[in-house]
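Report on one structure; see the data block that follows.
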Amino acid sequence: MGPKRASSIFGRRQLMASAAALTSAFGPHASQRAWGVEAATVGVPHHKPKAKRVIVLFMAGAPSQLDLFDYKPALKRFDGTLPPKELLQGYRAAFINPKSALLASRFNFARHGKSGTFVSELLPHTAAIVDEIAIIRSMKTEAFNHAPAQTMITTGSQQVGRPSLGAWTLFALGSESKDLPGFVVLQSGDKGPSGGTAISGSGFLPTLHQGVPFRGGAEPILFLGSPQGIDQRTQRQTLDAIATLNQSHLQQVGDPEIITRMNAYDLAYRMQDAAPEAIDLKRESQATLELYGAKPGETSFANNCLLARRLVERGVRFVQLVHEAWDHHAGLKAGLEKQCRLTDKACSALVLDLKRRGLLEDTLVIWGGEFGRTPMVQGGTDGRDHHPNAFTMWMAGGGVKPGVSLGDTDELGFNVTRDPVDVHDLHATILDLLGLDHKRLTFRFSGRDYRLTDVAGKVVQQLVAWA
């Protein structure tokens, strides 16, 4: 038997009864209790999980796989020539003429680790941990523009309004933290994600499951301190009074979003005690700060990686780091050099730090963007266009088989030729590592059952460690 769906077993009376219980006692799974599904789903995976928590290193803007992980010597031989006609049949480019000349990588590649995996010179720190990660060189997607592709890779659909992977995870498993949000979003880079808040939203799931954004800089969470003249007792009395009013309103209109609001108020109250310690990077040793390249008080990807580790070790279920800075239609060489300097060391440090603390074993780390980059040049001499046919991601920890290189592309890096992995396959595999069957994790909305993987997806068994 699969988990019961909230909307199919939940009625107005249960909503009111649950709301009454919530007034005096909130917990990490309050939203699921309110929907009447805790016994059926929350914290009860379908099978034994290998991962308990997830950190997504989302390289928004789409880094060039051909310059980082997908080594193609043939591109050097054919650099500046037109691609073969057979590769262009049915090909849909985003902006460039598909008949643009081929562009070889301007960076050197070398084999690393016991696995002998090719990695670009741009990623020396990632190269040093190549035996700890599984590289997927055969990713592909349906979308070829940023906003729909980012929505696709995070929600399983190009259409805005579906729950994100983080929201599905929190809905199914709840959070181990009572005093911090279960799903936290951290941002760095040149701008916010093209997909907007949809990439961390809850869609049609209760809004309690949406990602909570933390700011960069010295104050990731605003207003943790109480206003002058307001003590803890006064705050508690105020919240209790508001909860009473909200409960009365809930009984009148039956809107479950009122429960979300009640829980948010109470979580904010508890965070005033727990969050200052959790987000204080100054508590880390100098050696750890240097490992990440982190500098407390700054807004940086390195700081966010360190903060992600602090959050997951305090029970946060899902942390999504968004670094939107990889859209190199021109200025590819300088752009990649800059972004790799900003991210490579911290990505490696996160994996190493989790491992030395005994957290990597059950923490799943995922790195990648929304699609890849073309083997053809754009912008004259130094750029690449969007390429959904093939791109690279990597995963580590949480039951992932280390040192694996999965899949391959043709000699020009144009199409996947072996072990293709689409977005639904990726999601099915992530859920499987979390102990969840992607076909059974459903939610009824607008008269039909929805799931993260829609009507597709298969677990990529080659990525799963079975020992």
Kindly determine whether D79 and R106 satisfy salt bridge (charged side-chain N to carboxylate O under 4.0 Å, His left out), including the steps that lead there. CA-CA 11 Å; D79 187 32; R106 300 313 190 226; 3.2 Å; yes
Go through the steps to decide whether L311 and I55 satisfy the test side chain to side chain contact (heavy atoms under 4.5 Å, CB included), and finish with yes or no. CA-CA 10 Å; L311 291 173; I55 299 174; over 6 Å; no
R309 and E284: CA distance, side-chain angles, deciding distance, salt bridge (charged side-chain N to carboxylate O under 4.0 Å, His left out) verdict: CA-CA 11 Å; R309 189 224 79 207; E284 296 289 334; 2.6 Å; yes
Let me see the working for V365 and L57 under side chain to side chain contact (heavy atoms under 4.5 Å, CB included), right down to the final yes or no. CA-CA 7 Å; V365 182; L57 307 173; 3.9 Å; yes
Any chance you could lay out the salt bridge (charged side-chain N to carboxylate O under 4.0 Å, His left out) test for D449 and R444, step after step, and finish with the verdict? CA-CA 4 Å; D449 292 340; R444 180 165 284 272; 3.2 Å; yes
Residues D362, R357; criterion salt bridge (charged side-chain N to carboxylate O under 4.0 Å, His left out); working and verdict: CA-CA 11 Å; D362 54 10; R357 294 170 183 270; over 6 Å; no
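The salt bridge (Lys or Arg N to Asp or Glu O under 4.0 Å) test with R373 is passed by exactly one of D327, D67, D70: D327. Partner H387 forms a ring pair (Phe, Tyr, Trp, His ring centres under 6.0 Å) with one of F414, F371, F144 and no other, that one being F414.
Rounding to the nearest 0.5 angstrom, the gap separating the CG atom in L412 from the OG1 atom in T81 is 8.0 Å. Taken to the nearest 0.5 Å, the CD atom of Q462 stands 9.0 Å off from the OG1 atom of T429. From F391, atom CZ reaches atom CE of M139 across 4.0 Å, with rounding to the nearest 0.5 Å. In this structure, M376 CE and S100 OG are separated by 6.0 Å, a value rounded to the nearest 0.5 Å. Interatomic distance, D432 CG to L434 CG, rounded to the nearest 0.5 Å: 9.0 Å. In this structure, CH2 on W168 lies 10.5 Å from OH on Y450, to the nearest 0.5 angstrom.
With hydrogens and angles ignored, the 3.5 Å screen pairs no side-chain donor or acceptor of R356 with any backbone N or O of L352. Between the side chain of D385 and the main chain of I96, a donor-acceptor pair closer than 3.5 Å is present. E132 places no side-chain N or O within 3.5 Å of a backbone atom of P402 that could act as its donor or acceptor partner. No donor-acceptor pair under 3.5 Å is formed between the side chain of D419 and the backbone N or O of L406. The main-chain N or O of G113 is never found under 3.5 Å from a side-chain atom of D131 such that the two would form a donor-acceptor pair. One N or O on the side chain of K50 and one on the backbone of A465 form a donor-acceptor pair closer than 3.5 Å. A donor-acceptor pair under 3.5 Å links the side-chain atoms of Q150 to the main chain of S194, judged by distance alone. With N108 contributing its side chain and E121 its backbone, the two residues share no donor-acceptor pair below 3.5 Å. Remark: side-chain polar atoms of H112 are not paired, donor with acceptor, to backbone N or O of A128 under 3.5 angstrom. One N or O on the side chain of D344 and one on the backbone of T126 form a donor-acceptor pair closer than 3.5 Å.
Between L186 and V322 the shortest side-chain heavy-atom distance does not fall below 4.5 Å. V312 places a side-chain heavy atom less than 4.5 Å from the side chain of L354. Residues L102 and L82 are not in side-chain contact: their nearest non-hydrogen atoms beyond the backbone lie 4.5 Å or more apart. Two residues are said to be in side-chain contact when any heavy atoms from C-beta on lie closer than 4.5 Å; L307 and C305 fail this criterion. Considering only heavy atoms from C-beta on, W394 comes within 4.5 Å of F69 through its side chain. Taking 4.5 Å as the limit, every side-chain heavy atom of F301 sits out of range of all side-chain heavy atoms of Q339. Side-chain atoms of L350 and C347, non-hydrogen and from C-beta on, never get closer than 4.5 Å to each other. By the 4.5 Å heavy-atom criterion applied to side chains, F183 and S164 are counted as neighbours.
Between the side chains of R53 and S175, no donor-acceptor pair of N or O atoms lies under 3.5 Å. With hydrogens and angles left out, the side-chain atoms of S157 and T155 include no donor and acceptor closer than 3.5 Å.
Side-chain rings of H438 and H424 stay apart, their centers remaining 6.0 Å or farther from each other. Residues H323 and F58 keep their aromatic ring centres 6.0 Å or farther apart. F171 has its ring centre less than 6.0 Å from the ring centre of F443.
Atom NZ of K355 has 12 or fewer neighbouring heavy atoms from other residues, nucleotides or ligands inside a 6.0 Å radius. Applying the 6.0 Å contact sphere to NZ of K114 captures no more than 12 heavy atoms from other residues, nucleotides or ligands. Heavy atoms of other residues, nucleotides or ligands lying less than 6.0 angstrom from CZ of R448 number more than 12.
Taking the six-membered ring where the residue is Trp, H386 and H329 present tilted rings, their angle falling between 30° and 60°.
Note on R92 versus E142: no salt bridge recorded, every NZ/NE/NH1/NH2 to OD/OE distance being 4.0 Å or above.
For the pair G369 and P63, the tightest heavy-atom approach, listed with the atom from each and the gap, is CA-CD, 4.1 Å.
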